[in-house]
Protein chains: 2
Amino acid sequence: MAVSQRDQYLRYRSLCESMKRAVDAVSSHIHRAGSACSEVSPSQFAALEALYSRGPLHQGELACAISRSSGNMTVIVDNLERRGLVTRCGVHGDRRVVQICLTEKGAHLIELLLPEHRSRLIDVFSGLDEADFARCDALLREIAARIGGSDAES
Amino acid sequence: MAVSQRDQYLRYRSLCESMKRAVDAVSSHIHRAGSACSEVSPSQFAALEALYSRGPLHQGELACAISRSSGNMTVIVDNLERRGLVTRCGVHGDRRVVQICLTEKGAHLIELLLPEHRSRLIDVFSGLDEADFARCDALLREIAARIGGSDAES
DNA sequence: ATCGAACAGTTCGACATCAAAATGCTACCG
DNA sequence: CGGTAGCATTTTGATGTCGAACTGTTCGAT
């Protein structure tokens, strides 16, 4: 009750700003022109990585894994396929689904990209207070969950 | 030294994920179809709000204020102008720059949108621990600053 | 068997976004 | 005055993104 609703709102705005800025900064740091990761778009990177760590996925699963719409996923896969990094394989027994598989070229590329991706991430985050870090992670998860949870009802 | 570099990397990945998810969730919550704010795109909303709170701005200042490229800003202003929400005014003495001004219609719209924007933000964030909140904000700022700072040198 | 609901992907239209090239001005220098 | 450097904006071309409409498939109910 010490704080007015208006002050609270302003602090919320501030956190929103900080979140956006941090996300943009990290993403642009990783995909900066000249870095190895700049060879693929963020979405493409996310897709390749998901396929690399989890193996072949249905296009829908992949879309879900990297939080993209199905329409968008079609385009992303189109572009990856055009460069020969993934293939669309039919699934025996259900002709509705397409399995997306990394090609050798795709696997090679993501293996090439991951070390730099990793070192850039370490650049950015290392040395920060671990406890703050964990609390921040938890808070952000709580925020996302809160919205996700209240989504269905509203 | 208790934690391996690999563990650290995984925690970094986790925070990145959480950040992205939280940002996406908040943004989609606010601009959800049906909400008043869904009448304009997030970029358009940001532009209108910046103009509303700071007064007329050069197109370049506006781009900077909402972290968009100049090319992108042109399109955003085009779309706002097309709907009669802003106008481009020449500046006396320097014909290179364009001043972007809210029209009455634009000011009216943003005034209509802000209350709902505000209440949706409060929905999302209220009740969270204030101390965590502040620490999280500080951490995110530190991350963005760290990248922004190291940007020039690299 | 076949109808219809549910599902997986694709297509389409609109907008967003960026980087790079082009345009149009200003300012400065000789 | 004329040239050049630099800035603000626009244009262009490629990609990303979504939501809605569409196509084809599966599967359950009748």
(message) What is the separation between atom CD1 on A/I66 and atom C1' on D/dG16, rounded to the nearest whole Å?
(response) 11 Å

(message) Does this structure show an ion pair linking B/R11 with B/D7, if we count only N-O contacts that are shorter than 4.0 Å?
(response) no

(message) For A/E49, is there an ion pair with A/R54 - N to carboxylate O distance below 4.0 angstrom?
(response) no

(message) If you only use heavy atoms from C-beta on, which nucleotide in C/dC15, D/dT17, D/dT25 is closest to the side chain of A/D94?
(response) D/dT25

(request) Take B/D24 and B/R21 through the test salt bridge (charged side-chain N to carboxylate O under 4.0 Å, His left out) and record every step on the way to the result. (result) CA-CA 5 Å; B/D24 288 350; B/R21 259 199 266 274; over 6 Å; no

(message) Just the rounded figure in Å: distance from C1' of D/dT17 to CG of A/N79.
(response) 12 Å

(request) Side chain of B/S69 only, please: which of C/dA6, D/dG16, C/dC18 is the nearest? (result) C/dC18

(request) For A/L57 and C/dG9, give me the distance from atom CG to atom C1', rounded to whole Å. (result) 16 Å

(message) Less than 4.5 Å apart, side chain to side chain, heavy atoms only: is that true for B/L109 and B/E39?
(response) yes

(request) Let me know the distance between CD of A/E61 and P of C/dG9, rounded to the nearest Å. (result) 8 Å

(message) Please determine whether a side-chain nitrogen or oxygen atom of A/R95 lies at a distance below 4.0 Å from atom OP1 or OP2 of D/dC27.
(response) no

(message) With a 4.0 Å cutoff (strictly under), does any side-chain N or O of B/Q44 reach OP1 or OP2 of C/dA16?
(response) yes

(request) For B/R96 and for A/G71, find the nucleotide of DNA chain C with the closest heavy atom, then tell me which residue's nucleotide is more 5'. (result) A/G71

(request) Calculate the interatomic distance between A/D24 atom CG and C/dA16 atom P; express it in whole Å. (result) 16 Å

(request) Using a heavy-atom cut-off of under 4.0 Å over every strand shown, decide if B/S43 touches base, sugar-phosphate, or nothing. (result) sugar-phosphate

(message) Is there a side-chain contact between A/N72 and the phosphate of D/dC18, meaning an N or O under 4.0 Å from OP1 or OP2?
(response) yes

(request) Have a look at B/G60 and say if it touches a base, only the backbone sugar-phosphate, or nothing, with a 4.0 Å heavy-atom cut-off. (result) sugar-phosphate

(request) List the steps and the verdict of salt bridge (charged side-chain N to carboxylate O under 4.0 Å, His left out) for B/R82 and B/D78. (result) CA-CA 6 Å; B/R82 186 155 38 77; B/D78 283 348; over 6 Å; no

(request) May I ask you to say what B/S41 touches in the nucleic acid, namely base, sugar-phosphate or nothing, with a heavy-atom cut-off under 4.0 Å? (result) sugar-phosphate

(request) Kindly indicate, with the supporting measurements, whether the criterion salt bridge (charged side-chain N to carboxylate O under 4.0 Å, His left out) is fulfilled by B/R135 and B/D132. (result) CA-CA 5 Å; B/R135 264 197 294 262; B/D132 282 357; 3.4 Å; yes

(message) Is there a side-chain contact between B/R68 and the phosphate of C/dA16, meaning an N or O under 4.0 Å from OP1 or OP2?
(response) no

(message) Expressed as a whole number of angstroms, how long is the span from B/H58:NE2 to D/dC7:C1'?
(response) 13 Å

(message) Reading DNA chain D from 5' onward, which residue's closest nucleotide shows up sooner: A/S70 or B/T74?
(response) B/T74

(request) In whole angstrom, give the distance that lies between atom NE2 of B/H31 and atom P of C/dA14. (result) 21 Å

(message) From CD of B/Q99 over to P of D/dA8, roughly how many Å is that when rounded to an integer?
(response) 14 Å

(request) Name the nucleic acid region contacted by B/D78, choosing base, sugar-phosphate or nothing; use a 4.0 angstrom heavy-atom cut-off, strictly under. (result) nothing

(message) Starting the side chain at C-beta, find the nucleotide from C/dT17, D/dT11, D/dT17 nearest to A/V75.
(response) D/dT17

